[in-house]
Amino acid sequence: MSDQKQQGGNNRCDAISVQELLDCEEVPVPAYLREVNSPDMGDDDLPINNYTSRTQHEQEKEKLWPNVWQVVCREEDILEAGETYVHDCIDDSVLVIRQEDGSLKAFTNSCLHRGRALRHTNGRAKEIRCPFHAFTWNLDGSFKGMPCEWDFKHICKDHLTLPEVAVDSWGGFVFINIDGKAGPLLDYLGVLPEHYERYELEKAHKGIHVQKVIPCNWKVAHEAFLESYHSIATHPQILPFTADANTQYDTFGDHVSRMITSMEVPSPHLGEVSELEIMRTSMRSSGRMASSDAEGIEIPDGMTAREFIGEMNREAFGVAANRDLSDATLCELQDAILYDVFPNFQVWAGYFGNIVYQFRPNGDDHESCIFDVRLLLRSPESQGPVRGVPIHRLTDEESFSDAEELGALGPVFDQDMGNLPYMMKGLKASKKGAVSLGSYQESRIRHLHNTVTKYLEK
């Protein structure tokens, strides 16, 4: 194959493209998958200070994190009235509470008496009571009372209502905006609600949630999931069924970007790969197939591995959700369609097994971050709301492979994590003082940094 071809102003691999595979679909292709939006964002180097500088961190703390919509949790994490969820990001702490009428409210997690955090764990409460001196609030944030009211005649009770934080939800995800100035959530999300309309993520539930502290800046971890270019060196075992260099990269405004990586299509870095090897390697190693048992399975004559696994997923995913998936494309049933919502939230599109990534600074430490992995599952609507599983927090000594619920995904995440501490080491040691990016395959990284810069320059 020739190394590159020009298309839309960007260099792209000259192997079969996402759009050419969509041409082969036997059902109508959703319009959103046909959108190709890859603007030229230039080739300038990025300064290493973006990752290593304490000054950069302080600017992000002041001008970025309070001003964006951040994912907190899933709706099914706080199903019933009085259930609370604590979200911490750097120095901000927010308490999200399910109200008696089913709505959500969010408050600054700080007592208006002496400033103690009102809650530090998730759970159900009939009221919000400060553990220090028993100042108490109703679930709607209105002040309920305190001991020895006679000693606080100088304080007007009307001034003791908990300060509210903007809260909203989309697709079953709960978001907050700390300064309340980010505008409506749906406007912030841009094309996302329209692109995900078919998948009804609000009807899914969190079947897996694994969390780990990673010793690197949050952007270093985030960027490991913004491109498929690293697969050849970091994940060689997936190359027989992953069209890594063929990935399509798109951006949609400041807050949303996307990549589509075709599955059950071998990497162009390899030679010829048989359909049987594609199928069996994918079932063993991908972590998102309907079955991982490839032993003894054969592909019918005249069928490709992509068609075979797509149809297998169509049947299994349809049964799991009690839903007819006859109109689903092979792309939606198996490909890695991964959207990024600025600054730190990534969610896979498609049916069943939607993987969700989230990255945020670990407290006030700019050289470590918290990485959350969730997996959304479907269940028949007749079962009613399904509560999300609790967080499985890994220790520093544990790997993602120790989280057995992740299956084949665990070792893949460990391969990614193996790079990240050494990224920080190398960035701090660099005499170049900058990183260079590919024009196309790493364009979403540049998109991320461009948007960070826009917030810091406001």
Side-chain angles (χ1 to χ4, degrees), residues 1-8 10-27 29 33-34 36 38 225 227-249 259-316 328-338 348 350 353 407-409 411-412 415-416 419 438-442:
M1 85 178 179
S2 61
D3 288 337
Q4 300 288 332
K5 64 180 178 183
Q6 286 294 123
Q7 190 178 70
N10 291 290
N11 292 326
R12 297 191 183 183
C13 177
D14 194 23
I16 189 167
S17 70
V18 168
Q19 295 302 314
E20 288 167 335
L21 284 168
L22 290 174
D23 291 339
C24 301
E25 295 281 357
E26 296 185 358
V27 298
V29 176
L33 286 174
R34 287 300 196 180
V36 179
S38 307
F225 297 85
E227 43 86 2
S228 294
Y229 180 45
H230 67 283
S231 298
I232 187 172
T234 302
H235 309 300
Q237 80 281 3
I238 72 173
L239 296 185
F241 62 88
T242 303
D244 56 339
N246 318 29
T247 296
Q248 176 179 315
Y249 299 92
M259 67 180 184
I260 306 176
T261 303
S262 301
M263 296 294 172
E264 285 61 73
V265 177
S267 167
H269 295 297
L270 302 181
E272 197 164 319
V273 182
S274 72
E275 296 296 323
L276 187 61
E277 182 181 354
I278 294 171
M279 180 271 289
R280 290 188 172 172
T281 307
S282 177
M283 291 180 67
R284 286 193 301 266
S285 304
S286 75
R288 289 187 73 243
M289 295 299 101
S291 171
S292 60
D293 184 8
E295 192 63 32
I297 295 180
E298 300 291 338
I299 300 176
D301 290 341
M303 203 174 203
T304 65
R306 182 172 174 82
E307 294 167 338
F308 178 73
I309 287 184
E311 294 307 321
M312 180 179 69
N313 287 351
R314 188 190 310 277
E315 179 179 357
T329 62
L330 297 177
C331 176
E332 296 169 285
L333 290 165
Q334 60 198 308
D335 289 347
I337 312 171
L338 181 55
W348 290 46
L409 291 173
V412 176
Q415 289 175 321
D416 289 310
N419 289 322
S439 300
Y440 182 63
Q441 293 184 93
E442 295 173 309

Undergrad: Please round to the nearest 0.5 Å and tell me the distance separating atom CG of Leu330 and atom CG of Leu21.
TA: 9.0 Å
Undergrad: Out of curiosity, Tyr229 OH to Thr234 OG1, how far, rounded to the nearest 0.5 Å?
TA: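 Reported value, rounded in 0.5 Å steps: 11.0 Å.
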Undergrad: Looking only at heavy atoms, what is the nearest atom pair of Ala408 and Pro411, with distance?
TA: O-CD, 3.4 Å
Undergrad: If you look at every heavy atom in Leu22 and Val29, which pair is closest and at what distance?
TA: O-CG2, 3.7 Å
Undergrad: With a 4.5 Å heavy-atom cut-off, do Arg306 and Cys331 have their side chains touching?
TA: yes
Undergrad: Taking all non-hydrogen atoms of both residues, which atom of Glu307 and which atom of Gly302 are closest, and how far apart?
TA: OE1-O, 4.1 Å
Undergrad: Under 3.5 Å, is there a donor on one side chain and an acceptor on the other for Asn246 and Ser262?
TA: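 Checked: Asn246/Ser262 side chains show no N/O donor-acceptor pair below 3.5 Å.
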Undergrad: Atom CD1 in Ile299, atom CD1 in Ile309: separation rounded to 0.5 Å?
TA: 7.5 Å
Undergrad: What is the distance from atom CD1 of Ile297 to atom CE of Met279, rounded to the nearest 0.5 Å?
TA: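 Ile297 atom CD1 to Met279 atom CE measures 6.0 Å (nearest 0.5 Å).
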Undergrad: Taking His269's backbone N and O only, do any of them form a donor-acceptor pair with Ser267's side chain (distance below 3.5 Å, no angle check)?
TA: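 Pair found, side chain donor or acceptor close to backbone of His269.
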Undergrad: Please report the shortest heavy-atom distance between Ala336 and Met263, naming the atom on each side.
TA: CB-CE, 3.8 Å
Undergrad: Kindly give the heavy-atom pair with the smallest separation between Ile278 and Phe241, and that separation in Å.
TA: O-CB, 3.8 Å
Undergrad: Okay, side chain of Arg34, backbone of Gln19: is any donor-acceptor separation there less than 3.5 Å?
TA: yes
Undergrad: Minimum heavy-atom separation for Gly310 to Leu333, with atom names?
TA: O-CD1, 3.5 Å
Undergrad: So which of Glu25, Arg314, Gln334, Glu26 actually passes side-chain contact (heavy atoms from CB on, under 4.5 Å) with Thr329?
TA: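 Only one of Glu25, Arg314, Gln334, Glu26 forms a side-chain contact (heavy atoms from CB on, under 4.5 Å) with Thr329, namely Glu25.
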Undergrad: Quick one: are His230 and Asp416 in side-chain contact, heavy atoms under 4.5 Å?
TA: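 Yes. Closest side-chain heavy atoms under 4.5 Å.
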Undergrad: Could you give the distance from CD (Gln248) to OG1 (Thr261), rounded to the nearest 0.5 Å?
TA: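 With rounding to 0.5 Å, CD (Gln248) is 10.0 Å from OG1 (Thr261).
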Undergrad: Counting neighbours of CD on Glu311 that are heavy atoms of other residues, nucleotides or ligands and sit closer than 6.0 Å, is the number greater than 12?
TA: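 Yes, because the 6.0 Å sphere around CD of Glu311 holds more than 12 heavy atoms from other groups.
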Undergrad: Are any non-hydrogen side-chain atoms of Tyr440 and Glu227 less than 4.5 angstrom apart?
TA: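 Counting from C-beta outward, Tyr440 and Glu227 never come under 4.5 Å.
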Undergrad: Could you measure the distance from the OG1 atom of Thr281 to the CD atom of Glu264? Nearest 0.5 Å is fine.
TA: 10.0 Å
